[in-house]
> 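Could you have a look at this structure, given as structure tokens, before my questions?
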Amino acid sequence: MNLFGLVDCNNFFVSCERLFRPDLIGRPVVVLGSNDGVVVSRSEEAKKFGVPMGVPFFKVRDIVKDNKITLFSSNFELYRDVSDRIMFVLQEELGEIYQYSVDEAFFQFTEKSSAVAKIQLTDLKQTIEKKIGVPVSLGAGKTMTIAKYASEMEKRKSGVCVLSGTAWQKLTPQIPLSEIWGIGGKTSVNMRNHKLNFVADLLSAPESFIKEEYGVHGLRLRSELSENPAHQPTEREGLQKSIMHTRSFSKTTESLAALETAVTFHIERAAEELRAIGGKAGSLSVQIQTSRHGDWLLQSGRQEIILPAPMSDTRTLLRYALSLTKALYRSGVPYKKAGVVLGRIISENFVPVSLWDQYEKTDEDALLMNVIDNLNAEWGNDAVTFGRLKKGGQLDHDQHRSPRYTTSWNEVRKVERKI
DNA sequence: TCTGGGGTCCTAGGACCC
DNA sequence: TCTGGGGTCCTAGGACCC
């Protein structure tokens, strides 16, 4: 029996914090997203106090205070490092894995029966928890979508679940479609309106109707839910497709200069990352947005351009980005957020030779960028900037961040010996 | 008062061509 | 006067995910 498996870390960010704060095991903990804006990870105890996922922090401030919930700002450097360690152990145990997100990975395996598969997954769970210390849930099924559901089903119990054949089919009349991977808020409302509430409803709906209403995505979903794989995990070939850098302003701004400062900062960071992965971008887009929660939504703007040649030089990218910013800008509009996306990324080793080589012609340019990247890495992002004096009012709050225990020598855990 | 940031994939509809 | 229609390419925007 060929199966897909999924490893999913429980309350991942909270679990990472607990690795270095074992005193917090069994106690309520919450991690906030960047800028301390929203809740992104909650311990089981915090969930019981009624802290929802994704809620703006100010809405749960009282719950946090009243119940003495421990609060952390995101410490992505720590989470990334713990994640890398987990993926390394998984590779050792399983061979090929397909990392899906910072805290999840799919894999494929073959077992005679569900019972045997379950034993194997239980072993794997114990290995990870012993070597890394982060609790995980494992699920398996004949498709990735079913494996994903299985991993969530037993999360708060044994943490291991195999759903295949009749074990899965028996459940389909009870599983709400809204709990299925790939069915979000909009689709699930639409499905309810068509009297599609449970997985079994979708499985018995006519194919023509599904195609008409939900397109290829709907057909794939139905195939996956009837145990016929429509998704294959793929090793990502080469580099990621895009790099994005975005921040909100602490206060809305109507000033073009402030937007330009922000866009400059984002291009600096995104281009730096692009060079770090050895890529060049073929397209560039700038987005300036008003608040998602006000009346100005329609005034937001985004525009993409195809670059004359794949490039990674901050100065050139910046020229295009600033001209896009000017074009998008409308005076009198309260902007809340600005960001850039570098797209169509290809490896710098595969840049085709073209008439446009004038854009990045010399090794000197690459060397200059290299020097700047090193200076900024050592002295902070404001060491060398491109005509940008300060951050321009964009948020950068992380007052509850834990130390970077595993990636910064200055923040390594200290052990004192009592005399 | 305060509502994240980083990704992928799909599709409708405009521009353009013949 | 009658003002086509099919194909391709592109991008803005939507939906979803973590």
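Chain identifiers are assigned alphabetically (A, B, ...) following the order of the sequence lines, protein sequences preceding nucleic acid strands; residue numbering begins at 1 within each chain. Just so you know, these numbers use all the heavy atoms, side chains as well, and skip hydrogens, waters and symmetry mates.
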> May I ask you to verify if any side-chain N or O of A:Ser248 is less than 4.0 angstrom from the OP1 or OP2 atom of B:dG5?
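For A:Ser248, the contact criterion (side-chain N or O under 4.0 Å from OP1 or OP2 of B:dG5) is met.
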
> Measuring to OP1 and OP2 of B:dC10, would you say a side-chain N or O of A:Arg220 lies under 4.0 angstrom away?
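So the side-chain polar atoms of A:Arg220 do come within 4.0 Å of the phosphate oxygens OP1 or OP2 of B:dC10, strictly under.
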
> Output yes when at least one side-chain N/O atom of A:Gln303 is less than 4.0 Å from OP1 or OP2 of C:dT11, else no.
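No, A:Gln303 has no side-chain N/O under 4.0 Å of OP1/OP2 on C:dT11.
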
> Touch check for A:Val216, heavy atoms < 4.0 angstrom, all strands: base, sugar-phosphate only, or nothing?
sugar-phosphate

> For this output row, return yes or no: ring centroids of A:Phe106 and A:Trp181 closer than 6.0 angstrom.
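Yes; A:Trp181 has its ring centre under 6.0 Å from that of A:Phe106.
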
> So A:Gln287, base contact, sugar-phosphate only, or nothing? Heavy-atom distance under 4.0 Å.
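If one applies the 4.0 Å heavy-atom cut-off, A:Gln287 turns out to touch nothing in the nucleic acid.
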
> Counting only Watson-Crick or G-U wobble pairs whose two distances fall under 3.5 Å, which nucleotide matches B:dA15?
C:dT8

> Looking at A:Glu260 and A:Lys326, does any basic side-chain N land under 4.0 Å from a carboxylate oxygen?
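The answer is yes: the pair qualifies as a salt bridge.
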
> Heavy atoms under 4.0 Å, any strand shown: does A:Ile306 hit a base, just sugar-phosphate, or nothing?
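Sugar-phosphate: the residue A:Ile306, judged by heavy atoms under 4.0 Å, touches backbone atoms but no base.
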
> Could you tell me whether the phosphate oxygens of B:dG6, OP1 or OP2, come under 4.0 Å of any side-chain nitrogen or oxygen in A:Ser242?
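No, because none of the side-chain N or O atoms of A:Ser242 sits under 4.0 Å from OP1 or OP2 of B:dG6.
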
> Name the closest nucleotide to the A:Glu304 side chain, picking from B:dC2, C:dT11, C:dC18.
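Nucleotide nearest to A:Glu304's side chain: C:dT11.
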
> If you check the A:Lys241 side chain, which of C:dC18, B:dT3, B:dC9 turns out closest?
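The nucleotide sitting nearest to the side chain is B:dC9.
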
> Would you say A:Lys336 places a side-chain N or O within less than 4.0 Å of OP1 or OP2 belonging to B:dT3?
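Yes.
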
> According to a strict under-4.0 Å criterion, is A:Arg344 in side-chain N/O contact with OP1 or OP2 of C:dT11?
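Yes.
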
> Between C:dC18, B:dG6, B:dG4, which nucleotide gets closest to the side-chain atoms of A:Asn35?
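Selected nucleotide: B:dG4.
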
> In whole Å, I'd like the distance from the NZ atom of A:Lys337 to the P atom of B:dG4.
6 Å

> Taking C:dC18 as the reference, what is the distance to B:dT3 when you measure between their P atoms (whole Å, please)?
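Their P atoms lie roughly 24 Å apart.
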
> Tell me the interatomic distance from A:Leu324, atom CG, to C:dT11, atom P, rounded to whole angstroms.
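Result: 12 Å.
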
> Taking only the side-chain nitrogens and oxygens of A:Thr187, find out if one of them lies under 4.0 Å from OP1 or OP2 of C:dC16.
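Looking at the OP1 and OP2 atoms of C:dC16, one of them is under 4.0 Å from a side-chain N or O of A:Thr187.
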
> Please answer whether the main-chain N or O of A:Phe249 pairs with a side-chain N or O of A:Lys336 as donor and acceptor at a distance below 3.5 Å.
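Checking the backbone N and O of A:Phe249 against the side chain of A:Lys336, a donor-acceptor pair under 3.5 Å is found.
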
> Please report the distance, rounded to the nearest Å, between OH in A:Tyr214 and P in B:dC10.
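Distance check: A:Tyr214 OH to B:dC10 P gives 18 Å.
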
> Just to be sure I understand the rule, does A:Gly54 reach a base, reach only the sugar-phosphate, or reach nothing, if contact means heavy atoms closer than 4.0 Å?
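Counting heavy atoms under 4.0 Å across all strands, no contact is made by A:Gly54.
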
> What is the distance, to the nearest angstrom, from the CZ atom on A:Phe76 to the P atom on B:dG7?
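To the nearest whole Å, that distance equals 11 Å.
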
> What is the separation between atom CD on A:Glu104 and atom C1' on C:dC16, rounded to the nearest whole Å?
13 Å

> State yes or no: are the ring centers of A:Phe209 and A:His194 separated by less than 6.0 Å?
yes

> Does A:Arg302 have a side-chain nitrogen or oxygen under 4.0 Å from the phosphate oxygens OP1 or OP2 of C:dT11?
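The answer is no; no side-chain N or O of A:Arg302 sits under 4.0 Å from OP1 or OP2.
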
> Taking only the side-chain nitrogens and oxygens of A:Lys251, find out if one of them lies under 4.0 Å from OP1 or OP2 of B:dT1.
no

> Ignoring the backbone of A:Val40, work out which of B:dG7, C:dC18, B:dG4 is nearest its side chain.
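So the side chain of A:Val40 is nearest to B:dG4.
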
> Between atom NZ in A:Lys211 and atom C1' in B:dT11, what is the gap in whole Å?
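In whole Å, B:dT11 C1' lies 12 Å from A:Lys211 NZ.
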
> At 4.0 Å (heavy atoms only), tell me whether A:Val102 reaches a base, stays on the sugar-phosphate, or touches nothing.
nothing

> Touch check for A:Tyr100, heavy atoms < 4.0 angstrom, all strands: base, sugar-phosphate only, or nothing?
sugar-phosphate

> Does atom CD of A:Glu207 have more than 12 heavy-atom neighbours from other groups under 6.0 Å away?
no

> Less than 4.0 angstrom between a side-chain N/O of A:Arg247 and OP1 or OP2 of B:dG6, yes or no?
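For A:Arg247, the contact criterion (side-chain N or O under 4.0 Å from OP1 or OP2 of B:dG6) is met.
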
> Given atom CH2 of A:Trp181 and atom P of B:dC9, what is their separation to the nearest angstrom?
12 Å

> Measure the distance from CZ on A:Arg269 to C1' on B:dG6 and round it to the nearest whole Å.
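About 17 Å, once rounded to whole Å.
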
> Before accepting this row, confirm whether a basic side-chain N of the pair A:Lys155/A:Asp8 lies closer than 4.0 Å to the acidic partner's carboxylate O.
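Salt bridge: yes.
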
> Keeping A:Asn67 on the side-chain end and A:Ile63 on the backbone end, is there a donor-acceptor pair under 3.5 Å?
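Yes, the answer is positive, given that a donor and an acceptor are paired below the 3.5 Å cut-off.
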
